[in-house]
Amino acid sequence: MISVVVPTLGRPSLATLLNALAGQFHELPEVELLLVDDRRDDTGELAVPGALAAYTKVLTGRGAGPAAARNLGWRAARGEWVVFLDDDVVPAPDWARRLRADLAAAGGTGGVQGAVDVPLPAHRRPTDWERGTAGLAEGRWITADMAYRRTALAAVGGFDERFPRAYREDAELAHRVRRAGWNLTRGRRRVTHPVRPESRWVSLRTQRGNADDALLRRLYGPAWRADLDLPPGRRPRHVAVAAAGAAALTAATLRAAPLRSSRARRALGVAGGLAALAWAAGTAEFTRTRVAPGPRTADEVATMLVTSALIPPLAVVHWVRGWWHARAVPAGSVVTAPAAGAERC
């Protein structure tokens, strides 16, 4: 049997996903669909197409994030294979047929990832947010479409629920599965991941993921990015730019204080000027890196100017917050919660 697990917040995209699956589930000999309703407020039942009703169970999550929701789903699953789909992807018309082929060819493999396509505008360059979403197409072991053997999930305890966001929790699980001796491969099935509309300030909100990075650093040490197959980040540059900005502000504040000698004022002025220059240079480089590949409209450039100045200190603050919370975490530990949730048919 194959179990398809979809954690959801009830977004409109869920209907598109379910409709795409409704026309294909008959191609899978034994299959079940587990929808994990992770909404924190009771806003009514999730709508399930009639063609899927016989296959579907709805589980009520704790509103604790996708890691916890997926744990609830796979623990309730009956299948040998558990296929995780995000609620904002659209399976290709031949997805079910190719899924069968992927799993049949898996052998002793512990997991098989589906390919993710992110459509970008054809008439203009993509925005910063669109390019960030497009990075999913190159992501390794992401649960936009990822199938795991249930035995592999059980062997490592599933997802670590200390990762509350849809960020790094899937890469962290894949690392533990591989470390337990399982191989992971890429399959041939495909899903499309449209770019959802977002606020122009979304890049500020995503800096909360730095707290999760701090936890990964605590769990796996300095080489955590390489171990988890993650690309290098900009944190060292963010730290340098944030430190330069803080130094410039501190020097300006001290220079304005009364009872300072002229020599001290001059020294503070020079130090503050150098720090401000370093901050401006770092911010300009970051802004240019984000603006150059984009549409370069006035609105996009203005957004990049503001957010490029705010991201470095925000990234550092969230990293420090994550480090503080993770300071007592034993290296390599995993935290999951016991299965809990009501089933609704």
Using only atom types and a distance under 3.5 Å, with no angle test, would you say the side chain of Ser13 pairs donor to acceptor with the backbone of Asp87?
yes
Between Arg190 and Arg98 (side chain of the first, backbone of the second, donor and acceptor by atom type, cut-off under 3.5 Å), is there such a pair?
no
Can you hop from Met1 to Val31 via hydrophobic side chains spaced under 4.5 Å?
no
Side chains of Leu120 and Arg131, heavy atoms from C-beta outward: is any pair under 4.5 Å?
no
Any side-chain heavy-atom pair from Tyr148 and Leu173 closer than 4.5 angstrom?
yes
Evaluate the side-chain proximity of Arg235 to Asp213: yes if any heavy-atom separation is below 4.5 Å, no if none is.
yes
Quick one: does any side-chain atom of Arg149 pair with a main-chain N or O of Gly110 as donor and acceptor, under 3.5 Å?
no
I need the minimum non-hydrogen distance between Ala96 and Glu27, along with the two atoms involved.
CB-CB, 4.3 Å
Can you list the residues that meet the ring-ring contact (aromatic ring centres under 6.0 Å, His included) rule with His238, with sequence neighbours excluded?
Phe286
Heavy-atom nearest pair, Gly245 first then Trp279, reads CA-CD1, 3.7 Å
State which residues pass salt bridge (charged side-chain N to carboxylate O under 4.0 Å, His left out) with Arg78; sequence neighbours excluded, sorted by chain then number.
Glu32
Short side-chain to backbone donor-acceptor contact, Glu169 and Tyr167, under 3.5 Å:
yes
Sub-3.5 Å donor-acceptor pair from the side chain of Arg39 to the main-chain atoms of Gly10, do we have one?
no
What is the distance from atom NE2 of His318 to atom CD1 of Ile311, rounded to the nearest 0.5 Å?
10.5 Å
Connected via hydrophobic side-chain network under 4.5 Å: Leu46 and Leu21
yes
Test side-chain contact (heavy atoms from CB on, under 4.5 Å) on Tyr55 and Leu52 and set out the steps.
CA-CA 5 Å; Tyr55 302 101; Leu52 286 179; 4.3 Å; yes
Nearest 0.5 Å, please: how far is CZ in Arg162 from CG in Asp212?
11.0 Å
Any side-chain heavy-atom pair from Glu80 and Leu103 closer than 4.5 angstrom?
no
Value for CG (Leu99) from CD1 (Ile2), rounded to nearest 0.5 Å, stands at 4.5 Å
Residue pair Val89 / Trp95, side-chain heavy-atom distance below 4.5 Å
no
Residues Thr8 and Leu14: closest non-hydrogen pair is OG1-CD2, 3.6 Å
Honestly curious: do Trp74 and Trp141 fall in one hydrophobic cluster under the side-chain, below-4.5 Å linking rule?
yes
Under 3.5 Å, side chain of Trp129 to main-chain N/O of Arg196, donor-acceptor pair present?
yes
Check the side chains of Thr307 and Arg290 for a donor-acceptor pair under 3.5 angstrom, ignoring hydrogens and angles.
yes
If you define the side chain from C-beta out and look only at heavy atoms, does anything of Val112 sit under 4.5 Å from Trp81?
yes
Whether the side chain of Gln24 engages the backbone of Ala92 through a donor-acceptor N/O pair (distance < 3.5 Å, no angle test) should be reported.
yes
Determine yes or no for a side-chain-to-main-chain donor-acceptor pair under 3.5 angstrom, with Arg265 supplying the side chain and Arg255 the backbone.
yes
Taking only residues two or more places apart in sequence, or in another chain, which ones meet Asp38 in a salt bridge (charged side-chain N to carboxylate O under 4.0 Å, His left out)?
none
Closer than 4.0 angstrom, basic N to acidic O: yes or no for Glu300 and Arg124?
no
Is any side-chain heavy atom of Gln207 closer than 4.5 Å to one of Val317?
no
Report yes or no: do Val191 and Leu136 belong to one cluster of Ile/Leu/Val/Met/Phe/Trp/Tyr joined by side chain heavy-atom distances under 4.5 Å?
yes
At what distance, to the nearest 0.5 angstrom, does CG of Leu18 lie from CG of Leu35?
5.5 Å
Could you measure the distance from the CZ atom of Arg263 to the CG atom of Leu268? Nearest 0.5 Å is fine.
13.0 Å
Residue pair Arg70 / Thr143, side-chain donor-acceptor N/O under 3.5 Å
yes
Tell me if a side-chain donor or acceptor on Asp102 pairs with a main-chain N or O of Arg188 at a distance below 3.5 Å.
yes
With clusters defined by side-chain heavy atoms of hydrophobic residues (ILVMFWY) lying less than 4.5 Å apart, directly or transitively, does Leu28 cluster with Val6?
yes
When Arg189, Gln113, His193 are each screened for side chain to side chain donor-acceptor pair (under 3.5 Å) with Asp145, the one that passes is Arg189
Tell me whether Glu172 is salt-bridged to Arg176, with the criterion being a basic N under 4.0 Å from an acidic carboxylate O.
yes
State whether Trp324 and Arg327 meet the cation-pi test: NZ (Lys) or CZ (Arg) under 6.0 Å from the six-membered ring centroid, and within 45° of the perpendicular axis.
yes
Asp128 with Arg200: basic N within carboxylate O range, under 4.0 Å
no
Can you name the closest pair of heavy atoms from Trp182 and Thr109 and give their distance?
CE3-C, 4.2 Å
Hey, are the side chains of Arg218 and Trp323 touching, using non-hydrogen atoms and a 4.5 Å cut-off?
no
How far apart are the closest heavy atoms of Arg125 and Gly294, and which atoms are they?
CD-O, 3.0 Å
From Arg208 atom CZ to Thr206 atom OG1, the distance as rounded to the nearest 0.5 Å
8.5 Å
Distance alone, cut at 3.5 Å: any donor-acceptor contact between the side chains of Thr289 and Glu285?
yes
Between Ala69 and Pro7, what is the shortest heavy-atom contact and its length?
CB-CB, 3.7 Å
Show your working on side-chain contact (heavy atoms from CB on, under 4.5 Å) between Arg168 and Leu228 and close with a plain yes or no.
CA-CA 9 Å; Arg168 309 292 200 216; Leu228 272 66; 5.9 Å; no
